[in-house]
Amino acid sequence: DYCENPFELCVVEKDGKLTGEKVYGLSCPLGYDVAETFPEFIEGKSLYLSCGDSARTDLAPESVDAVVTDPPFFDNVHYSQLADFFHVWQRHILGKNGHHAVHTTRSFAEVQASDPEVFAERLRGVWGESHRVLRRGGLLVFTYHHSRPAGWRAILQALVGAGFVIVAAHPIKAEMSVAAPKQQAKEPIDLDVILVCRKRTDFAGDTPNISTVVADATQAATEQVVRFNKVGRYLGRNDVRVVLMAQVIKRLSLYSSLAESLHWLDSQHTTIERTIGRVYEVQQVAERMSHPRRAQLSLW
C-alpha cells in the first residue's frame, strides 16, 4: 500500500498534543524498472542499484549532483563482521553471481580498519571516486563522530587528499540514549555531525589564519552547544568533543597544504583537549544554574 501511495509524516497539534499526520502526494509511487548498469540508467531506466567497491564505479564523470553517505566509523563498528551473522544463512538464497559460495562478507579492501593510515587511505579512495563523479557545485555530505583524535585526523586526511573542503558542520542528535553500547560507555556519544563538503575547485571562500583555528572553532562550537542547551539538552564531554573537532577540521580543510594541516593538528592535541574541558565545564555550570535545586545540592 505504501509503495502505491507513499506518504510523509507532518507534525501537527491536536487537542494540545503533538502528533503525526500523514501527508500524501509528495512522493511518486515506488516501483521502477531497475538498470543493471549505469549506461542502462542513462538510456532511460529510472533506478540504478549497484553493490560493489565504492572506490571504483561505472558512473560517468561529473554525472552526480550529490553524494550522501554514512561511512564506516574508523574502528568503532565492524559492519562486515556483524553482517556475517546473517550471511551464514542468507548466502544460500542470494542467487546468481556466485554470492552463495562466499562464506563471508569481509573483504581485504574494506574501508573499515583499526589502523588510521589504512582507514584514511581507503576512505580517500572512495571520496576520490566521489570527486570524479560529482558535477561542479555538487555536494558530498556524510555523518561522523569519534572520541579519538586519530579518527578525526583520518577524516581530514582522506577528505583533503580527495580534493574536498568542508563548508558546513551541523551537530544533530543521532544515537539512541538507551542503546546497550551507550549504557556501557563511560562517556557515551549521542551526537553525529553532518559534514557538508564541496570540491576545492568550487570553493571561493577565504583561507582562515591557522593561528586562530582553535579560537574560531571554539566560538562556533560554543554557539552550537548553547543551542542544544537552550532546548534542555546538555552534552557529555565526548559530545562536546564531536562538536568542537568538527569545527576544527572544517577550518583545517581549507588549507591547500595537507601536510601543514596534519602537522598543526598533531601539535595542538593538548590545547584542543583543554578547550574541550573548558567548554564542557562552562556548560555544566549553566546546567546547574538552570536547575536551582540541583545547584543547591551541588553547593552543599
Side-chain angles (χ1 to χ4, degrees), residues 27 32 34-35 37-38 41 46-83 105-148 150-176 189-203 242-243 245-247 249-250 252-253:
S27 301
Y32 300 98
V34 180
T37 65
F38 186 72
F41 175 71
S46 302
L47 177 66
Y48 176 37
L49 295 176
S50 175
C51 181
D53 186 353
S54 296
R56 298 173 182 84
T57 73
D58 66 346
L59 304 182
E62 298 187 1
S63 60
V64 173
D65 295 309
V67 175
V68 183
T69 183
D70 183 26
F73 287 170
F74 185 20
D75 58 346
N76 273 5
V77 181
H78 292 267
Y79 295 101
S80 57
Q81 292 181 19
L82 295 175
T105 63
R106 302 211 65 182
S107 166
F108 176 76
E110 65 188 29
V111 173
Q112 197 80 26
S114 58
D115 185 323
E117 290 297 325
V118 173
F119 173 70
E121 181 57 26
R122 292 178 180 174
L123 192 56
R124 186 202 61 78
V126 175
W127 283 339
E129 178 69 357
S130 301
H131 190 282
R132 183 185 72 82
V133 303
L134 270 176
R135 293 190 174 103
R136 293 194 60 181
L139 296 177
L140 166 66
V141 184
F142 66 96
T143 62
Y144 190 72
H145 73 241
H146 210 281
S147 60
R148 289 172 51 197
W152 292 99
R153 187 185 193 278
I155 289 295
L156 176 65
Q157 184 176 343
L159 269 178
V160 176
F164 286 101
V165 297
I166 303 171
V167 296
H170 304 290
I172 60 168
K173 175 71 168 68
E175 298 290 336
M176 293 178 59
I189 297 176
D190 285 331
L191 301 185
D192 268 351
V193 174
I194 302 174
L195 294 170
V196 183
C197 310
R198 291 188 182 274
K199 292 182 177 182
R200 180 173 296 279
T201 51
D202 292 337
F203 179 72
V242 167
V243 176
M245 287 305 302
Q247 293 296 334
I249 68 168
K250 172 179 179 288
L252 291 178
S253 73

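Nothing fancy with the numbering, it's 1 onward along the sequence.
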Worksheet entry | Residues Leu134, Trp127; criterion side-chain contact (heavy atoms from CB on, under 4.5 Å); working and verdict | CA-CA 10 Å; Leu134 270 176; Trp127 283 339; over 6 Å; no
Worksheet entry | Between CD on residue Glu129 and CZ on residue Arg124, distance to nearest 0.5 Å | 11.5 Å
Fill in: Validation row: Phe38, Val133 side chains within 4.5 angstrom (heavy atoms)
no
Fill in: Separation between CZ of Arg153 and CZ of Phe119, rounded to the nearest 0.5 Å
13.5 Å
Discussion item. Strictly distance-based, threshold 3.5 Å: is any side-chain N or O of Arg136 a donor or acceptor partner for the main-chain N or O of Lys199?
Written reply: no
Practice prompt. For side-chain contact (heavy atoms from CB on, under 4.5 Å), just list the numbers for Leu159 and Leu140, CA-CA rounded to whole Å, side-chain angles, deciding distance to a tenth of an Å, and then say yes or no.
Written response: CA-CA 10 Å; Leu159 269 178; Leu140 166 66; 3.8 Å; yes
Fill in: Where His145 and Leu191 come nearest, the two heavy atoms and their spacing
ND1-O, 3.2 Å
Worksheet item: Do Asp202 side-chain atoms and Gly137 backbone N/O form a donor-acceptor pair below 3.5 Å?
Response: yes
Discussion item. If you apply the rule side-chain contact (heavy atoms from CB on, under 4.5 Å), what do you find for Val242 with His146, and how did you get there?
Written reply: CA-CA 7 Å; Val242 167; His146 210 281; over 6 Å; no
Item to complete: Grab the two heavy atoms, one from Cys197 and one from Phe142, that are nearest each other, plus how far apart they are.
Response: SG-CE2, 3.8 Å
Discussion item. Phe164 vs Leu195, test: side-chain contact (heavy atoms from CB on, under 4.5 Å). Steps then yes/no.
Written reply: CA-CA 11 Å; Phe164 286 101; Leu195 294 170; over 6 Å; no
Worksheet item: Sub-3.5 Å donor-acceptor pair from the side chain of Ser253 to the main-chain atoms of Ile166, do we have one?
Response: yes
Discussion item. Could you check whether any side-chain N or O of Arg132 sits under 3.5 Å from a backbone N or O of Leu59, counting only pairs where one atom can act as donor and the other as acceptor?
Written reply: yes
Discussion item. In the structure I gave you, are the side-chain heavy atoms of Val160 and Arg200 within less than 4.5 Å of one another anywhere?
Written reply: yes
Response to the item:
For Leu156 and Ile249, the nearest pair of non-hydrogen atoms, with its separation, is CD1-O, 3.8 Å
Fill in: Non-hydrogen atoms of Ile172 and Ile194 that approach each other most closely
CD1-CD1, 3.8 Å
Worksheet item: What closest approach, in Å, do Pro116 and Ala154 show between heavy atoms, and which atom pair accounts for it?
Response: O-CB, 3.9 Å
Response to the item:
Looking only at heavy atoms, the pair that brings Glu117 and Asp115 closest together is N-OD1, 2.9 Å
Worksheet item: How many angstroms lie between CG in Leu123 and OG in Ser54, if you round to the nearest 0.5 Å?
Response: 10.5 Å
Practice prompt. Quick one: sort the Tyr144 and Trp152 rings into parallel, tilted or perpendicular, breaks at 30° and 60°.
Written response: perpendicular
